[in-house]
Amino acid sequence: MLAGWERRATRDGGALYCSAMIHAGPEVSVVVPIFNERDNLIELTEKIRTALGDTAWEIIYVDDDSPDRSAELARELAAQDSRVRCVQRIGRRGLSSACVEGMLASSAPYLAVIDGDLQHDESLLPHMLTELKAGQLDMVVGSRYVQGGGTGDWDAKRLRLSKLGTRFSRVLVPDQLTDPMSGFFMMRRAVFDAAVHDLSTIGTKILTDLFASTAQPLRFKELPYSFRLRTAGDSKLDSLTRWEYAMLLLDKLAGHIIPVRFIAFCIVGALGVGVHFAVLTPLLQFAHVRFPAAQAAATICAMTFNFAVNNVLTYRDQRLRGWRWLRGWLSFNLACSVGAFMNVGLATYLNEISGTRYLAALGGIAVGAAWNYAVTKRFTWNSSQA
């Protein structure tokens with residue numbers, strides 16, 4: 001036998017030779033989704049290192065191809081400490097999906113999630129691990145709303161929005177969970193493995209997604225912490241975050257019946273109707289443009305609006321930029337033009353055979369919308385054609 005290797009029996013009676021120098025894997029993986037957090041990585045790494053001490057730990061930074069080269073620094077940290085790893089994603093965006101990919105890259109029996117902006121209290125990590133190892137819990141959540149916790153320097157508006165989001169989440173999470181919007185928690189790997197195939201991975205609220213995707217109620221405990229002031233980098237909280245949260249709730253409630261992207265696509269389409277008439281009316285009444293030309297201009301404006309908004313909202317994780325934006329706009333307009341002919345043709349036919357104008361119109365709209373969604377999903381926002 002080679003020096004430094006040991007022989008181990010396999011289930012079928014064969015032999016497997018393993019290095020006797022191989023070390024056991026980490027006990028806990030701390031997954032940190034990052035985007036433009038370069039200025040925080042060194043300090044966060046040191047804080048987690050100090051907090052977890054002699055525990056067998058690892059940090060997995062999942063970077064969405066940050067322009068500030070966060071991934072480059074994360075790899076430099078990994079070169080200095082093998083307990084630090086970096087997963088860099090190209091052409092994909094989203095905190096929840098980043099967390100999922102980080103967890104899938106781990107073999108640890110305990111999985112933690114913490115933001116990369118230093119606003120969470122990493123000193124809670126060993127306490128979370130202790131609670132889970134006691135064997136009575138599936139999840140430990142860092143909460144801003146239990147006694148002893150706090151929201152830091154939040155203004156009244158942000159606090160009100162957080163409370164509103166919590167109220168909406170009650171249709172998916174237990175009432176006893178005070179902070180379902182928290183992005184700071186630790187869980188058993190078995191919880192993740194049981195939920196992963198049903199996760200929506202929409203937006204940033206991965207904790208809500210996990211609670212809503214498990215078949216059995218989770219045994220959980222909340223530990224208080226005070227939300228810190230961000231000292232470097234930019235906040236990711238914006239109106240699009242709230243839109244994504246609404247889409248997450250819709251997906252968990254109705255996604256098994258209607259794809260949530262299709263719901264968003266139809267919402268944007270309805271807004272596009274308003275844009276169409278907002279352009280058509282002044283062209284006809286004030287500019288005195290002939291109807292065919294005015295209708296054509298309004299149609300192009302409405303389709304451009306629909307494409308641009310869908311690119312930002314419905315397909316935010318596959319957003320097109322640069323030349324790909326122009327190519328996408330062309331394919332979107334082409335697909336929707338065909339959809340418009342199908343809409344009119346089917347509605348006309350249904351009206352002739354049924355004599356019910358409004359039902360015929362709805363039938364045409366439904367088929368046109370389904371066509372537009374299916375074709376643009378395949379040809380306009382197909383990430384494999386990047």
Requested in this report: Please report the closest heavy-atom contact between V32 and D115, naming both atoms and the distance.
Outcome: CG1-C, 3.9 Å
Report task. Go through W57 and I59 one step at a time and tell me if the side chain to side chain contact (heavy atoms under 4.5 Å, CB included) criterion holds. Result -> CA-CA 7 Å; W57 57 269; I59 300 173; 3.6 Å; yes
Query raised in the report: If every non-hydrogen atom of V268 is compared with every non-hydrogen atom of F305, which pair is closest and at what distance?
Result: O-CE2, 4.2 Å
Query - Within-4.5 Å side-chain heavy-atom neighbours: F185 and I206 - result: yes
Query raised in the report: Can you tell me how far the CG atom of L111 sits from the OG atom of S106, to the nearest 0.5 Å?
Result: 5.0 Å
Query raised in the report: Any ion pair linking R92 and D64 (charged N to carboxylate O, less than 4.0 Å)?
Result: no
Query raised in the report: If only atom types and distance count, is the side chain of W371 paired as donor or acceptor with the main-chain N or O of A335 below 3.5 Å?
Result: yes
Query - S70 side-chain N/O to R38 backbone N/O, donor-acceptor pair under 3.5 Å - result: yes
Requested in this report: Give a yes or no on whether a salt bridge exists between R228 and E122, defined as a side-chain N under 4.0 angstrom from a carboxylate O.
Outcome: yes
**Report entry** Salt-bridge contact K205-D209 (side-chain N to carboxylate O under 4.0 Å)
**Finding:** no
Query raised in the report: Is K221 paired with E131 through a side-chain N to carboxylate O contact shorter than 4.0 Å?
Result: yes
Requested in this report: Could you note down all residue pairs passing ring-ring contact (aromatic ring centres under 6.0 Å, His included) where residues 106-125 supplies at least one of them, sequence neighbours left out?
Outcome: H120-F184, H120-Y225, H120-F227
Requested in this report: Check the surroundings of atom CG in D54: do more than 12 heavy atoms from other residues, nucleotides or ligands lie under 6.0 Å from it?
Outcome: no
Query raised in the report: Between CZ of R290 and CG of L284, what distance do you get to the nearest 0.5 Å?
Result: 11.5 Å
Report task. Please name the residue in the list L73, V84, D63 that meets the side chain to side chain contact (heavy atoms under 4.5 Å, CB included) test with L41. Result -> L73
Query raised in the report: Are Y373 and W381 close enough, and set up right, to give a ring pair (Phe, Tyr, Trp, His ring centres under 6.0 Å), and what steps lead you there?
Result: CA-CA 10 Å; Y373 171 73; W381 286 287; 9.5 Å; no
Query raised in the report: So do L271 and N306 actually touch side chain to side chain, heavy atoms under 4.5 Å?
Result: no
Query raised in the report: CG/L132 to NE2/H127 distance, rounded to the nearest 0.5 angstrom?
Result: 13.0 Å
Report task. Measure the spacing between CG of N311 and OG1 of T380 and express it to the nearest 0.5 Å. Result -> 9.5 Å
Report summary line: One should read off an interatomic distance between L177 CG and S169 OG, to the nearest 0.5 angstrom, of 7.0 Å
Query raised in the report: Do we get K377 above Y315's six-membered ring, with its NZ or CZ under 6.0 Å from the centre and within 45° of the axis?
Result: no
Requested in this report: Using modelled atom types only, decide if a donor and an acceptor are shared between the side chain of N36 and the backbone of D68 within a distance under 3.5 Å.
Outcome: yes
Query raised in the report: In terms of side-chain heavy atoms, does N40 have a donor or acceptor partner in E37 at a distance below 3.5 Å?
Result: yes
Query raised in the report: Can you name the nearest heavy-atom pair linking T208 to P180, along with the distance?
Result: OG1-O, 2.8 Å
Query raised in the report: Sub-3.5 Å donor-acceptor pair from the side chain of R188 to the main-chain atoms of L137, do we have one?
Result: yes
Requested in this report: Identify the two heavy atoms, one from D179 and one from S143, that lie closest to each other, and give their separation to 0.1 Å.
Outcome: CB-OG, 3.5 Å
Query raised in the report: Side chains of F307 and N310: does their closest heavy-atom pair fall under 4.5 Å?
Result: no
Requested in this report: Find out whether L253 and L172 are in side-chain contact, i.e. whether some heavy atom of one side chain is under 4.5 Å from a heavy atom of the other.
Outcome: yes
Query raised in the report: Are L210 and M187 close enough, and set up right, to give a side chain to side chain contact (heavy atoms under 4.5 Å, CB included), and what steps lead you there?
Result: CA-CA 10 Å; L210 282 163; M187 64 183 168; 3.9 Å; yes
Requested in this report: Show your working on side chain to side chain donor-acceptor pair (under 3.5 Å) between T166 and Y145 and close with a plain yes or no.
Outcome: CA-CA 11 Å; T166 297; Y145 299 125; 5.4 Å; no
Report task. Taking the side chain as every heavy atom from C-beta outward, state whether P33 and C99 have any atom pair closer than 4.5 Å. Result -> yes
Query raised in the report: Any side-chain heavy atom of M139 sitting closer than 4.5 Å to one from R219?
Result: no
Query raised in the report: So, R261 side chain and T314 main chain: donor-acceptor pair closer than 3.5 Å or not?
Result: yes
Query raised in the report: Looking only at heavy atoms, what is the nearest atom pair of G149 and S226, with distance?
Result: C-OG, 4.1 Å
Query raised in the report: For the side chain of Y245 and the backbone of G165, is there at least one donor-acceptor N/O pair under 3.5 Å apart?
Result: yes
Query raised in the report: Would you say L223 and V141 make side-chain contact, with heavy atoms under 4.5 Å?
Result: no
Query - T281 side chain vs A278 backbone, donor-acceptor pair below 3.5 Å - result: no
Requested in this report: Walk me through it: do R75 and Q88 pass the test side chain to side chain contact (heavy atoms under 4.5 Å, CB included)?
Outcome: CA-CA 10 Å; R75 280 191 284 268; Q88 183 177 6; 3.0 Å; yes
Query raised in the report: How close do A112 and L125 get, heavy atom to heavy atom, and via which atoms?
Result: CB-CD2, 4.0 Å
Query raised in the report: Rounded to the nearest 0.5 Å, what separation is found between the CZ atom of R83 and the OG atom of S29?
Result: 12.5 Å
Report task. Please report the C-alpha distance between W329 and T304 in whole Å, then the side-chain angles of each, then the deciding distance to 0.1 Å, and finally whether the side chain to side chain donor-acceptor pair (under 3.5 Å) criterion is met. Result -> CA-CA 7 Å; W329 176 77; T304 300; 2.9 Å; yes
Query raised in the report: Should E222 and T178 count as side-chain neighbours, where that means a heavy-atom distance under 4.5 Å?
Result: yes
**Report entry** Criterion side chain to side chain contact (heavy atoms under 4.5 Å, CB included) on H288 and L283, from CA distance to verdict
**Finding:** CA-CA 6 Å; H288 304 295; L283 287 177; over 6 Å; no
Requested in this report: Verify whether one side chain among K252 and S213 offers a donor that lies under 3.5 Å from an acceptor in the other.
Outcome: yes
Query raised in the report: Pairs in or reaching into residues 186-213: which pass ring-ring contact (aromatic ring centres under 6.0 Å, His included), with residues at least two apart or in two chains?
Result: F211-F220
Report task. Check whether NZ of the Lys or CZ of the Arg R93 lies under 6.0 Å from the centre of the six-membered ring of F35 and within 45 degrees of that ring's axis. Result -> yes
